[in-house]
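To start, the structure itself, in structure tokens.
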Amino acid sequence: MCRRVPSAHGSRVEGYPVGEGRCLQARRPSGFRQSAVFSPAMSSNPNQQPYPDVDPRPSYPAIEREILARWKEEKTFEQSVANRPAGKNGSNEYVFYDGPPFANGLPHYGHFLTSYAKDAVPRYQTMRGRRVERRFGWDCHGLPAEMASEKELGISGRQAIQDHGIGAFNEHCRSSVLKYAGEWESYIDRMARWVDFEDDYKTMDLSYMESVIWAFKQLWDKGLLYEKHRVMPYSWAAETPLSNFETRLDNSYRPRQDPAVTVTLTLVPQDGDQGVPHKILIWTTTPWTLPSNLAVAVGPDIDYAVLEQDGVRYVLGAATVGKLQKQLAGAEEVGTVKGRDLVGRSYEPLFPYFADQENAFRVLGADFVDTEEGTGIVHMAPGFGEDDQLICEANGIEVVVPVDDSGRFTEEVTDWVGINVLEANKPIIKHLKEAGALVKHETYEHNYPHCWRTDQPLIYKALGSWYVRVTDFRDRMVELNQEIRWIPEHVRDGQFGKWLEGARDWSISRNRFWGTPIPIWKSDDPAYPRMDCYGSLDELERDFGVRPKDLHRPYIDELVRPNPDDPTGKSMMRRVPEVLDCWFESGSMPYAQVHYPFENKSWFESHFPGDFIVEYVAQTRGWFYTLMVLGTALFDRAPFRNCICHGILLEPSGERKLGKRYGNYSSPDEVFETRGADALRWYMMSSPIMRGGNLRFDSGDTGLGDVTRLVINPIWNAFYFFTLYANIDGTRARFRTDSEQLLDRYILAKTRELVETVGAKMDAYDLAGTCQEITSFIDALNNWYIRRSRDRFWGAEATQEKQDAYDTLYTVLVTLCKVAAPMLPFITDAVFTGLVGEGSVHLEDWPDAENLPANHALVADMDRVRDVCSVTLALREEHGLRTRLPLASLTVAGRDSARLESLAHLMRDEVNVKAVELTEDLEAHATFVLAPDRRLLGPKLGKAMKAVLDATRSGDWTLHDDGTVTAGGQVLDAGEFELRLESKEGETSSALPGNDAVVVLDVVVTPELAAEGWARDLVRKIQQARKEADFAVTDRIELAVDVPEGCVAAVKTHEAYIKEQVLAETLTYGSPSDGMFTVETTLGEGALTLGLRSTAG
RNA sequence: GGGCGUAUAGCUCAGUUGGCUAGAGCGCCGCCCUGAUAAGGCGGAGGUCCCAGGUUCAAGUCCUGGUACGCCCA
């Protein structure tokens, strides 16, 4: 290869601060020496260089801050939206739904991950020409907001909130729920997520809430709502039910001692009892629920023992008899009975309070019953146990709940009215003992949930709740789900699909304060029942005479009117106390954010479903699900078309997810200000987390640094390389795709393929795949195209060939910036504007592949050449032949190897050989190896396959003239095998990947070749010394060399070459003179001394 | 306790309808190349494909049963 850089430029570029500026540049805050990023193109002024000076080692965070400022100043985001027409009736809009976060905490890396995806896809679609409005959403209601407010106000529990005043409490929620909105905004901004905060939506807005009650009313009108009692964890101390979330908080479950009692129930006699009284044994750790007992359950397949003692027969699980040895001492086993044979029998109520209850006091069958604990016969109090409730309900037994909000017995339980249920355990046990029903009383220690606020044990208690009849349209959801594209695909029929199949009715009411109120008004006198549901402010105004300015409690509760169905005029219509589950609100986002149907009616109807949403995979149970339920119930549509489910971020050990309460991550500011937001974006977008996997994240780890080193730096370096030489030459490049130069044609064709593949990946929402394509392109660009094209940029004359190189590199870089813009919005915009001089890459159209030449054959041939070079370098390595040592020839033997003719000079240069021979004469250089097609032959041959494979390995096979092969006693037809090449023994050769060609290297080193090798080694050493001496690339030098004896002749032979290469004006032999920059090193096995002096002055 | 998912090199992950000696990137070691590059090339070390059974000519891949971890539900 011919290195003419210094000489080429030395003669005519004086005055350009090529090398000298470096230390200065490094101290600059951004990538440009001047604020070129803001300046328009300078090409109009011939006295100035065409491109900004680029810092080879820039601070990316500083570049990002500059770009941010420019976007703000030029309103680039707003322009990018406004430039794209909405089209007729919004037909050109791409609809993105933003899943609203809570803003009562700071955002963390998990939010950034989602936000990056929420930004990348809309950026891409915008470049594709679509108009993508991006409204930010805030989730404002719900328990987290209430809990935070209770804490801040120093109050706890429902009663305390009511004492404080619901109005004041809700005001506090309203003001604190967006406490961190400002921080959110600045982080989102810093990470280059483009989203509209001005025109945001909040679930607590009046318009939003009106749409939510509209949706509620729709369900009501469709008969999809009902009210029912359901058992929930309940804190009697705080007078509130708790969500599952709350019962899972740390320290919620802890050991507690409770009484465990075994009690008898007397069966109503029936035929077959032989006149002997029969009693069944039940066991419970909550004696206070016994007054509410309405049934017992047995396992149909469980064996029950019948024991007789003192003329009474006791029935209990056969496996549990041992537990009551003492109590049943002397009892005689008189038989066993299957649970199913007990089902249907009745027994005497233990307490009289609910003796009239229909269908009650019977033995029921239930699969969940076992004999691990208790007697194998389970006491059922449907008001206080979920299983109890389900089984009883299925058997027509209504729930009774004789316990009030504060956990005390109501008047129904006359004996203990007003007593806290837990305190009532003792007197109840005493009563049972006196009644002769108590068989055993022990103390039982178990893990039991406690209220995290009051520290008191929870109870389970049925509470009224409103439900959406999801089971009615579950099958339709399953159908509609098939229309959605899920990333990763398996979510559709896996996590989400299965969840839909098993969907249960959805409890949508909460006994809370801060939320959209359930818009139902009920008569307060059961004698005159009536219920009204309201779905708009208009409807409320019509009936109540006032138009609410705020739908929140307590104002909404003030709307009361006489019951129209009550002729006495005494009963009133009052709102039910509950508010809606906040998931109902976020699931209403598609229509509520635009105040449908009160406004934007036709827009919504033509823009539903949305095109794209992305959240973490657990939202299959959250937002994705509630969107689906409401979309199906209200519109009979799947609510979104494409959905990315990303995984979760784990701490470096992989043990826990990143979480605020673990404190296991560092400040995002640190990452933004050291690595930059683009590095973080690429790191996250390129990872398997975008395909549903998890990602161990360590902000201090090499992963982020690798992105800078392997993705961002190479792009920047290509840009730096281009501007460096274009400025030296004063050349302004233009967008051109018609260069005839080989390497140009190659990289242009490669760029076309990049545009096509990245477009396809982005269209498939494969963000990680997009990153892969870009990475491999960057490799081809930097490590092949630019490296192999360098000398064209170095040439002294302004040739067409050189202009082609500039134009092509410019064209490729501009295109690369566009293609990578969604994934690296900052760096691509800095490079793009540096090249083009104005505008923003984000205002550009997606490149049209048709504008770039297609030439797949050339791309493939070039890849072939790179393979040849790899294999050849491996051969050199194997034979200890350093690359600087020229060799006589390289032979590529293979079918169609002549195709590489036009690329031979690249191979020659790359692997340093004098000649490249291309031949089809395989036999001369290679032997054949049989490779049977296992997929084809396996099923056909079966067991005989083994013999064929053995023969293949041993080489014991024969090729026939008709193209068939015999191996292992089997005849293989053409097409059932391949013949692959292997290099011949004794030759310095190696097969190419794919095994259809071999490379043979001539390893004979003649004295001439050796001498040239020494000369090149010496040049290399001198260049190294120049660098160490900190000479400018263009500096001329005086040179003294003291070379080992054996090399002197070689150096003298190539003296002219050496002097030219290292810009030496003079070359003397012997020790360096005083004042020269001196280097002691080696050349070959001998000592080498170099002396250099710059003549630049 | 139930459901879903995951388990492959030091790390992060590919691995198609079962089919060649299980791959990539990063990291590590050695060599090479290097005046745009914080880069690049070649080679090496590094694997009981979580475990145990089974099906098959052939299993990382399919089946059964475990184990560990994650998520969800109870």
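Atoms considered below: every heavy atom in the structure, side chains included; atoms not considered: hydrogens, waters and symmetry mates. Residue numbers start from 1 in every chain, and the chains themselves are labelled A, B, ... in the order their sequence lines are given, proteins ahead of strands.
The pair A:Arg787-A:Glu910 meets the salt-bridge criterion, with a side-chain N (NZ, NE, NH1 or NH2) lying under 4.0 Å from an Asp/Glu carboxylate O.
Under 3.5 Å, the side chain of A:Arg1020 and the base of B:U34 form at least one donor-acceptor pair of N or O atoms.
If you take CZ of A:Arg709 and C1' of B:G40, they are 12 Å apart, rounded to a whole angstrom. Atom P of nucleotide B:C71 and atom NE2 of A:His646 are separated by 15 Å, given to the nearest angstrom. When rounded to the nearest whole Å, the span between CZ of A:Arg787 and C1' of B:G35 equals 15 Å.
Look at the P atom in both B:A52 and B:U8: the space between them is 16 Å, to the nearest Å. Spacing between B:A22 and B:A59 at atom P, rounded to whole Å, works out to 13 Å. Taking atom C1' in both B:G15 and B:G47, the straight-line distance is 14 Å, to the nearest Å. Atom name C1', nucleotides B:G40 and B:U34: the rounded distance is 8 Å, in whole Å.
No close placement of the A:Tyr810 and A:Tyr806 rings is indicated, their centers lying 6.0 Å or farther apart. Between A:Phe722 and A:Phe793, the ring centre distance reaches or exceeds 6.0 Å.
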Convert the base pairs of RNA chain B into dot-bracket notation, remembering that pairs crossing earlier ones are written with [ ] and that bases paired across to another strand are shown as |; include only Watson-Crick or G-U pairs under 3.5 Å. (((((((..((((.....[...)))).(((((.......))))).....(((((..]....)))))))))))).

Each nucleotide N or O in nucleotides 3-7 of chain B that has a protein N or O under 3.5 Å away: list the pair and distance.
none

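Contacts of A:Tyr625 classified as ring pair (Phe, Tyr, Trp, His ring centres under 6.0 Å), with partners at least two apart in sequence or in another chain: A:Trp499.
Nucleotides of RNA chain B nearest to A:Arg882 and A:Asp387 differ in position, and the one nearer the 5' end is that of A:Arg882. Comparing A:Arg884 and A:Asn783 against RNA chain B, the residue whose closest nucleotide sits nearer the 5' end is A:Arg884.
Residue A:Ser870 has no polar side-chain atom (N or O) positioned under 4.0 Å from OP1 or OP2 of B:G41.
Side chains of A:Ile644 and A:Trp486 form no contact here, defined as non-hydrogen atoms less than 4.5 Å apart.
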